[in-house]
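These notes concern the structure reproduced below.
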Protein chains: 2
Amino acid sequence: MNDLIKTILSHRSIRQFEDKLLTDEQIKTIVSCAQAASTSSYIQAYSIIGIKDKEKKKKLAELVGNQDYVANNGHFFVFCADLYRHQLIGEIENKNVIPSIESTEKFMVGLIDAALAAQNAAIAAESMGLGICYIGGIRNNLEEVKKVLKTPERVIPLFGMAVGYPVQETDIKPRLPFEHVYHEDEYEQSQEAYLKQLKGYDELISSYYEQRTGGLRKDRWTEQMANMLERQNRMYMKDFVQKNKLDLH
Amino acid sequence: MNDLIKTILSHRSIRQFEDKLLTDEQIKTIVSCAQAASTSSYIQAYSIIGIKDKEKKKKLAELVGNQDYVANNGHFFVFCADLYRHQLIGEIENKNVIPSIESTEKFMVGLIDAALAAQNAAIAAESMGLGICYIGGIRNNLEEVKKVLKTPERVIPLFGMAVGYPVQETDIKPRLPFEHVYHEDEYEQSQEAYLKQLKGYDELISSYYEQRTGGLRKDRWTEQMANMLERQNRMYMKDFVQKNKLDLH
């Protein structure tokens, strides 16, 4: 196993950081790594906003639901799907790009491009001895987040990433069984096999929580997921995305 | 600069591979790395289908538009957004998870989860001396791709990834300027500054193509993007996604 693979397999989210800011050089290296990721047809349909301003960080920490580590970290990045520059490109090149930009296909491209870039950034940061945590919570209140970041139409902030020098040592959370996520030649056709894999995973996760909490907690993964998904969360998203003129048709 | 960052910054797409298959151990390592990526609220809303069957590979190569390297490679992966397992979880846990699963928010989560996993896989493969190429072309004809992969409802194949031993040496394509993609504290508010950055990039790309093609080609990036976006491509996507019961509300 090479060092890069070791870094990837050692990933855990870090939510407590030293009071030490990243240097501009570190930020530039992380962003360059993000930009080196593949991009659909060279479209580069994303932007990254890095927050240095303390007041803005505090405001974002409030908006995501009072997560302290959004305010206190080495640097806070926000990754956005971005088709605003492509709208401008249509204007300067005098081509009608609007139907294309407003399609579900290009919305998907923006999301995928942004996420590929972000994961390169995450791994690069971890290779530098830094810890990271993705912050999906910025989608709790995107109207307000957009005001803070002043993003134009056709730009959707997708998630944040807190980066910094870790002070915690957290555990690696076990993932779904290999056979459950990886299918050979075609998607698993046996529902029986599929459910059996979930059952095995439930036992693993239940005992994982039990051990870590001294028996206080022993929920199964399917239980945790069902409870989470029963709550209807961020149901304003479609309206928000369409108001920003993406995913329209 | 550490080795991991060197690997990331050396990325280029590889479209010609030796006639040598990946071992099951290599496949397992790559998938384990994919699974180690962060996932929104532990939801793990993706699946990976690996194609060994030669006939299926040929069929997929046809469907993406006769791309030879989809048939001839060390292994071919398809990354899918997957909320099918969460539908089953709702059934076994007796909770109504359907409105949640069908939301735009969870569609976005599936895309982001799948892309984070894919980029870990890509970097892991490259660290093993393999080359990769993302294949967005599988979205050219998802109805047929779904038949080949036999994916159930609530699963959307997003992109393929051809992996193998590279026989080409390709160039690294220059990315948008750092200042254009990375914004400090808020999105760039000056359209003048924004357009100036694009102009500088256009000059860079034009001379990049000119040098590589001996003057045969010297298109600007904005020109290339405007021409691509003027063509309305994969406009069936919204219908397809909604027929598969995602991104509905």
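Below, read A as the first sequence line, B as the second, and so on, with proteins coming before strands; counting in each chain starts at 1.
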- [ ] Using the side-chain contact (heavy atoms from CB on, under 4.5 Å) rule, take B:D239 and A:T104 through it: C-alpha gap first, then chi angles, then the decisive distance, then the call.
- [x] CA-CA 9 Å; B:D239 283 348; A:T104 293; over 6 Å; no
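Salt-bridge formation is detected for the pair A:R220/B:E93: a Lys NZ or Arg NE/NH1/NH2 atom is positioned less than 4.0 Å from an Asp or Glu carboxylate oxygen. Salt bridge present: B:K56 and A:E186 bring a charged side-chain N and a carboxylate O closer than 4.0 Å. Salt bridge annotation for A:E188-B:K150: absent, with no cationic side-chain nitrogen under 4.0 angstrom from a carboxylate oxygen.
Side-chain contact between A:L195 and B:I92: present, with at least one pair of heavy atoms (C-beta onward) separated by less than 4.5 Å. A:H86 is not listed as a side-chain neighbour of B:T222, based on a closest heavy-atom distance of 4.5 Å or more. Contact of the B:S32 side chain with the A:L9 side chain is registered, since non-hydrogen atoms from C-beta on lie closer than 4.5 Å.
Under the 3.5 Å distance criterion, with hydrogens and angles disregarded, no donor-acceptor pair is assigned to the side chains of B:E105 and A:N233.
Of the residues considered (B:S40, B:A115, B:S41, B:G50), B:G50 shows the highest number of contacts with chain A, using heavy-atom pairs under 4.5 Å. Comparing B:Q224, B:E126, B:E230 by how many heavy-atom pairs each has under 4.5 Å with chain A, the most go to B:E230. Ranking B:M225, B:Q189, B:R175 against chain A, the residue ahead of the rest is B:R175, based on heavy-atom pairs under 4.5 Å. Top candidate by heavy-atom pairs under 4.5 Å with chain A, chosen from B:L176, B:I5, B:N96, is B:L176.
For chain A, no part of B:K57 is nearby; none of its heavy atoms comes within less than 4.5 Å. Both the backbone and the side chain of B:F178 come within less than 4.5 Å of a heavy atom in chain A. Of the atoms belonging to A:S10, not a single heavy atom falls under 4.5 Å from chain B. Using a 4.5 Å cut-off between heavy atoms, B:L88 touches chain A through its side chain atoms alone.
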